[in-house]
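What follows is a single structure, written as structure tokens, with notes after it.
Start at 1 and go down the list; that is how both ligands and their atoms are numbered.
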Amino acid sequence: MNKSKPENIASIFSNFEKISSDFSYQKLNSGHINQSFWVQNNQRKFILQKINASVFKNLEIITENIRCVSSHLKSRNYPHFILESLPFSDGSFLWDETWRLLNYAEKTMTFEKVKSPEQAYEAAKFLGEFHGYLRDLDTNKLKDSIPEFLDFNSRFQNFKSSLKSASEGRLKISENEIEFLLSHEDILENWNEISSKLPERIIHADPKISNFLFEVNSSEKIKALIDWDTLMKGTILYDFGDMVRSYTNFREEDDPGFGENFSLGNYKALKKGFLYHLENQLHPIEKENMDLAGKLVVYIQAIRFLTDYLNGDIYYQIHHPEQNLNRAKNQIHLLKEMLEKLN
Ligand code: GN1
Ligand code: MG
């Protein structure tokens with residue numbers, strides 16, 4: 001029996017609490033890795049998720065990392081929503097090995113794309129504040145939820161391997177993108193020159209705009225930062241770069257169109273927002289390399305999407321056959337404009 005089928009949602013949830021007459025659920029379409037459902041019972045809402053165990057190979061680690069960060073934030077009186085994994089009736093945090101239940105920030109909404117520089121500013125400020133609260137949590141308390149997640153040289157090598165194993169058809173259709181990525185390896189080389197000097201901190205590692213919950217009917221008031229599965233030890237510049245990737249993109253992540261891709265206005269707002277809480281906490285080498293971090297993360301994300309396309313779409317969920325290629329094109333177009341405008 002395929003336990004991920006929606007008809008099992010009620011039965012999985014019933015291992016948390018009795019199903020009441022107002023029980024309902026809805027599949028959420030955001031996220032490329034896990035399957036998420038919004039569940040309501042007794043007028044309370046939760047997120048029920050089937051974790052993708054081929055990406056997150058050790059689910060105990062992500063559960064433990066979330067628990068560790070939640071309790072740290074509570075002990076510091078973090079003033080916003082704190083994500084928590086909720087125990088099922090037998091005391092375990094995972095049901096049937098891959099299902100988990102999370103608390104939910106009520107009356108919130110998400111955006112797939114940034115609406116305005118003000119919104120970029122607010123989200124970056126919110127993330128900077130989150131970092132400020134994590135500053136005194138020992139980085140060794142978190143274990144790697146995905147080994148080599150931040151190993152950009154491995155990502156490049158995996159891309160090169162995919163060129164050897166991909167089908168003729170996929171290689172042909174993406175030849176321009178392959179050529180672009182191979183000819184811009186200098187971005188990675190520039191990064192390699194500074195990376196060993198960057199301080200290690202606890203980072204979120206996926207702060208794209210859709211991972212912020214905004215108050216309903218507000219595009220600026222943020223209630224929560226969610227998706228804590230990739231909380232890990234790494235450089236804070238990865239978080240900054242990932243925000244650049246997401247917040248400066250005028251287009252949706254799978255829109256392959258070219259022209260008017262990068263918003264310099266959003267970029268400036270985001271930088272200002274990020275530094276709001278962190279100005280005095282960042283090391284000079286971090287402040288000096290913010291632009292490079294933006295380019296690097298977009299470059300690596302393009303590589304990740306294209307590698308997955310060449311490998312036959314085995315990592316990211318897709319809804320149509322060229323979606324990963326379109327996602328890669330979108331990142332490349334964004335990067336092209338960044339290279340022009342951020343010099
Ligand atoms: C994935 O599943 P989701 O949307 O939270 C990916 C991120 C990428 C992002 C691109 C574990 O995140 O690293 O930046 O897609 N997560 C993992 O949208 O690979
Ligand atoms: Mg994520």
Side-chain angles (χ1 to χ4, degrees), residues 4 27-38 47 49-59 61-63 65-66 69 83 85 98 100 102 110-114 123 127 130 142-152 154-155 158-159 202-213 224-235 237-249 251-256 293-309 311 313-319 323-335:
S4 68
K27 188 168 188 332
L28 300 171
N29 286 326
S30 65
H32 303 332
I33 310 283
N34 296 330
Q35 281 185 56
S36 308
F37 299 84
W38 167 92
I47 297 292
Q49 274 186 321
K50 183 177 171 63
I51 305 169
N52 182 332
S54 61
V55 170
F56 296 102
K57 297 210 164 62
N58 188 332
L59 306 190
I61 289 185
I62 56 175
T63 308
N65 285 351
I66 293 177
V69 171
L83 191 72
S85 232
T98 58
R100 71 162 172 212
L102 300 167
T110 55
F111 293 84
E112 288 300 317
K113 185 161 82 110
V114 167
L127 181 69
F130 185 77
L142 296 198
K143 298 211 182 94
D144 265 359
S145 47
I146 308 181
E148 299 191 347
F149 188 79
L150 299 175
D151 184 341
F152 310 128
S154 294
R155 301 259 188 220
N158 293 342
F159 169 53
I202 288 174
I203 66 163
H204 180 278
D206 194 12
K208 58 185 180 185
I209 193 65
S210 54
N211 279 335
F212 289 82
L213 303 183
L225 170 61
I226 54 163
D227 190 4
W228 293 9
D229 294 334
T230 45
L231 279 166
M232 60 176 77
K233 198 167 31 178
T235 164
L237 286 186
Y238 184 81
D239 275 3
F240 179 73
D242 198 63
M243 284 193 297
V244 175
R245 189 184 83 69
S246 163
Y247 302 11
T248 68
N249 201 336
R251 296 169 185 265
E252 305 254 343
E253 198 182 61
D254 61 355
D255 177 344
K295 293 171 197 165
L296 186 265
V297 176
V298 178
Y299 176 70
I300 292 298
Q301 190 65 59
I303 283 189
R304 292 177 64 192
F305 284 143
L306 194 60
T307 303
D308 197 35
Y309 177 72
N311 284 342
D313 308 311
I314 52 179
Y315 188 88
Y316 294 109
Q317 284 174 33
I318 51 160
H319 306 287
Q323 197 166 7
N324 271 322
L325 175 61
N326 288 345
R327 287 170 177 153
K329 285 184 180 170
N330 172 277
Q331 299 296 301
I332 289 172
H333 294 157
L334 178 65
L335 180 56

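Looking at Asn34 against ligand 1, nothing comes within 4.0 Å, counting heavy atoms. Only the side chain of Asp227 comes within 4.0 Å of ligand 1, counting heavy atoms alone; its backbone N, CA, C and O stay farther away.
In this structure, Arg327 falls outside the shell of residues with a heavy atom less than 4.0 angstrom from ligand 1. A heavy-atom separation below 4.0 Å is not found between Gln317 and ligand 1.
Near-neighbour remark for the Mg ion (ligand 2): protein N, O or S atoms under 2.8 Å are Asp206 OD2, Asp227 OD2; waters not counted.
Under a 3.5 Å cut-off, the side chain of Arg155 and the backbone N or O of Leu150 do not form any donor-acceptor pair. A donor-acceptor contact shorter than 3.5 Å links the side chain of Ser246 to the backbone of Ile209. In this structure, the side chain of Asn330 engages the main chain of Asp255 through a donor-acceptor pair within 3.5 Å. Here the side chain of Gln317 pairs a donor or acceptor atom with the backbone of Ile33 at under 3.5 angstrom.
Relative ring orientation between Phe152 and Tyr238 is described as parallel, the plane-to-plane angle staying below 30° on a 0-90° scale split at 30° and 60°.
If you check which protein heavy atom lies closest to atom 9 (C) of ligand 1, you get Lys208 NZ, 3.6 Å. Nearest protein neighbour of atom 15 (O) of ligand 1, counting heavy atoms only, is His32 CD2, 3.3 Å. Looking from atom 6 (C) of ligand 1 to the surrounding protein, the closest heavy atom is Arg304 NH2, 3.9 Å. With hydrogens left out, the protein atom closest to atom 19 (O) of ligand 1 is Tyr315 OH, 2.5 Å, a heavy atom. Given atom 16 (N) of ligand 1, the protein heavy atom at minimum distance is Ile33 CG1, 3.8 Å. In terms of protein heavy atoms, atom 14 (O) of ligand 1 is closest to Gln301 OE1, 2.9 Å.
Between Glu253 and ligand 1, at least one N/O pair is under 3.5 Å apart.
Side-chain atoms of Arg327 and Asn324 form a donor-acceptor pair, as typed in the model, at a separation below 3.5 Å.
The residues Asp229 and Arg100 are annotated as salt-bridged, a charged nitrogen and a carboxylate oxygen being separated by less than 4.0 angstrom.
Note that the CZ atom of Phe305 and the CG atom of Asn326 stand 11.0 Å from one another [nearest 0.5 Å].
Residue Glu253 is tested with Arg245, Gln323, Lys113 for a side-chain hydrogen bond (donor to acceptor under 3.5 Å, both in side chains); the sole match is Arg245. A side-chain hydrogen bond (donor to acceptor under 3.5 Å, both in side chains) with Asn211 holds for exactly one of Asp242, Thr110, Asp227; it is Asp227.
The residue from Asp206, Ile300, Asn211, Val297 that puts a heavy atom closest to atom 5 (O) of ligand 1 is Asp206.
A pairwise comparison of heavy atoms in Ala205 and Asp239 identifies N-OD1, 2.7 Å as the closest pair.
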Going through the checks in order, is the side chain to side chain contact (heavy atoms under 4.5 Å, CB included) test met by Lys295 and Val244?
CA-CA 8 Å; Lys295 293 171 197 165; Val244 175; over 6 Å; no

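Close approach of ligand 1 to Arg245 (heavy-atom distance below 4.0 Å) involves ligand atoms 10 (C), 14 (O), 18 (O). Listed by atom number, the atoms of ligand 1 under 4.0 Å from Phe56 heavy atoms are 11 (C). Near Ile146, with a cut-off below 4.0 Å to any heavy atom, the atoms of ligand 1 are 11 (C).
No side-chain heavy atom of Ile203 sits less than 4.5 Å from a side-chain heavy atom of Thr235.
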